[in-house]
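Only this structure's heavy atoms are used, side chains among them; waters, hydrogens and symmetry mates stay out. Keep in mind the model is a prediction, meaning the values are calculated, not measured. Order of the sequence lines fixes the chain letters, A, B, ..., with proteins taken first and strands second; residue numbering starts at 1 for each chain.
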Amino acid sequence: MGKEKSMQRYFPISLFLLLSCAAVSCYDCGPKAEPTAEFNMSFDSLYGLKKISAVGAKSDSAFNQNSPYSSRYHYGQYPISLLQDSTTFIFYAANRTDTLTLFYERVFDTDSKCGYYVDIEGRSFKSTFKSVWVEFGSYRGDVVIGKQHGGAGIRVNISNQ
Amino acid sequence: MPHRICFLFILGCMFPLSVVAQNLRSDSTANDSTRIPPPKEFSVGIDVFRNIPFLLLGNRAGLIMGGELHNRLIFEGTFRKKLNSDRSWIGLLGYASGEIYYKNEVQERNQFWGWYGKGGKEWAVFRGNHTKIGLLGIVTYARYRTDLRFKGPTFGDYTETREIVNAGLGGEPYFAYDFFLNSRWMLRWITRVSFQQRLTGEGYTPYYPGIGNVPANYNLIVSGGTTLQFHYRFRPGR
């Protein structure tokens, strides 16, 4: 009984892999849940980042997995909201508080490659940081050898220098 | 692209069959009509099997594509008009509904219901008038209502219920064996293979009304099955 169940569960997955990996590349269907944005941050030595949060977040734990922030350079993958078309991140530092708001459009759809999926179409951003660079990319795409993900998603570079 | 090729292949197979059937018919009516008056026999039948094993096995069944089918009900009525001793017209109207539950997927549940019509022709093969082969065209209309949940551990889950209308055309070759219980009642055992090309709609349909339990296909679906029909034969003049 248990074996039959697991056969049923893995059959569609293996069939899907077989079909989509038949050629050189595989297809990445994206997160199928709350997507994350990739953050690269570099601050001057006086900034003193203490905590990161977001408006509407039920918990801050996803934003502070690498705290305490001792270095001047930080990297993190922080979730964005699927409940609205923007997410505002709050950066609490020693003497000030900065914000970054990402504006985007959520796409919930279905196709033969992925079944139901979620994707993000980036729009713009607003920030109190001196220098911010945001690249909006799809979360889905062909997986090429040497690349970890098919879709790059959202990538953020923050600098206050 | 492979879907389209396959569909053309099926159409290609059906066309010569229908041409052959037409030729056979025109030849035989020319010969027979002079001697025997055309028979007026027709029969009406209902499906008497499909719901029984499903209910006996706990009103649930695993689907090939994943998910578990619950509360499936099928109602089918069929009409058969004899053209002559070994050819008949066939018409069928059906309704099917049910629910599909998923574990650990974005789709949590599908509720579906749909109507389908099938019509075509059948021919007697071998002696004894028990064995028939037939070819039907299929028209379907099916609604899929899907509960979606995209998990959001930080900001909250996104949920939505989406209703999609599907419609398609297809074909169904079948094999039937008739058990004549008496001069009026007949039990018919049918084994079929059904194809359908979806013309409108989207999303995977692990169970499609009128087609059945579908393997991993999207717009062009194939399935098969076997069932029993109970027929009453109207035989005027006998």
Enquirer: Identify the two heavy atoms, one from Phe155(B) and one from Lys58(A), that lie closest to each other, and give their separation to 0.1 Å.
Expert: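 In this case the closest contact between Phe155(B) and Lys58(A) is C-CE, 4.2 Å.
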
Enquirer: For Thr159(B), is it the side chain, the backbone, both or neither that has a heavy atom under 4.5 Å from a heavy atom of chain A?
Expert: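 Answer is neither: Thr159(B) stays 4.5 Å or more from chain A.
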
Enquirer: In this structure, are over 12 heavy atoms from other groups packed under 6.0 Å from Trp189(B) atom CH2?
Expert: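 Open.
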
Enquirer: Can you measure from OH (Tyr116(A)) to CD (Glu202(B)) and round to the nearest 0.5 angstrom?
Expert: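 It comes to 6.0 Å.
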
Enquirer: Which heavy atom of Leu83(A) sits nearest a heavy atom of Asp157(B), and at what distance?
Expert: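 So the minimum-distance heavy-atom pair works out to CD2-O, 3.3 Å.
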
Enquirer: Can you tell me if CZ on Phe126(B) sees more than 12 non-hydrogen neighbours from other groups inside 6.0 Å?
Expert: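 No, not enclosed.
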
Enquirer: Report yes if the side chains of Val118(A) and Tyr158(B) come closer than 4.5 Å at any heavy-atom pair, otherwise no.
Expert: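 With C-beta onward as the side chain, the pair stays apart.
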
Enquirer: Name the region of Thr87(A), side chain, backbone, both or neither, that has any atom closer than 4.5 Å to a heavy atom of chain B.
Expert: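 Only the side chain of Thr87(A) comes within 4.5 Å of chain B.
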
Enquirer: Taking all atoms of both residues into account, what is the closest heavy-atom pair of Lys113(A) and Tyr204(B), and its distance?
Expert: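 Taking Lys113(A) first and Tyr204(B) second, the nearest heavy atoms are N-OH, 4.5 Å.
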
Enquirer: To the closest 0.5 Å, what do you measure between CG (Leu148(B)) and NZ (Lys32(A))?
Expert: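 The distance works out to 10.5 Å.
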
Enquirer: Would you indicate whether the side-chain heavy atoms of Thr154(B) and Tyr78(A) approach each other to under 4.5 Å?
Expert: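 No, side chains not in contact.
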
Enquirer: Taking all heavy atoms of Phe108(A) and all of Arg162(B), pick out the closest pair and write down the distance.
Expert: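 Distance-wise, the nearest heavy atoms are O-NH2, 3.0 Å.
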
Enquirer: Checking Asp60(A) against chain B: side chain, backbone, both or neither under 4.5 Å from a heavy atom?
Expert: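 Neither part, no heavy atoms under 4.5 Å.
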
Enquirer: Please name the pair of heavy atoms, one in Leu82(A) and one in Lys151(B), separated by the smallest distance, quoted to 0.1 Å.
Expert: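 Answer, listing the atom of Leu82(A) first, then Lys151(B): CD1-O, 4.5 Å.
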
Enquirer: Could you look at Ser59(A) and say if it's the side chain, the backbone, both or neither that has a heavy atom under 4.5 Å from chain B?
Expert: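 Backbone only.
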
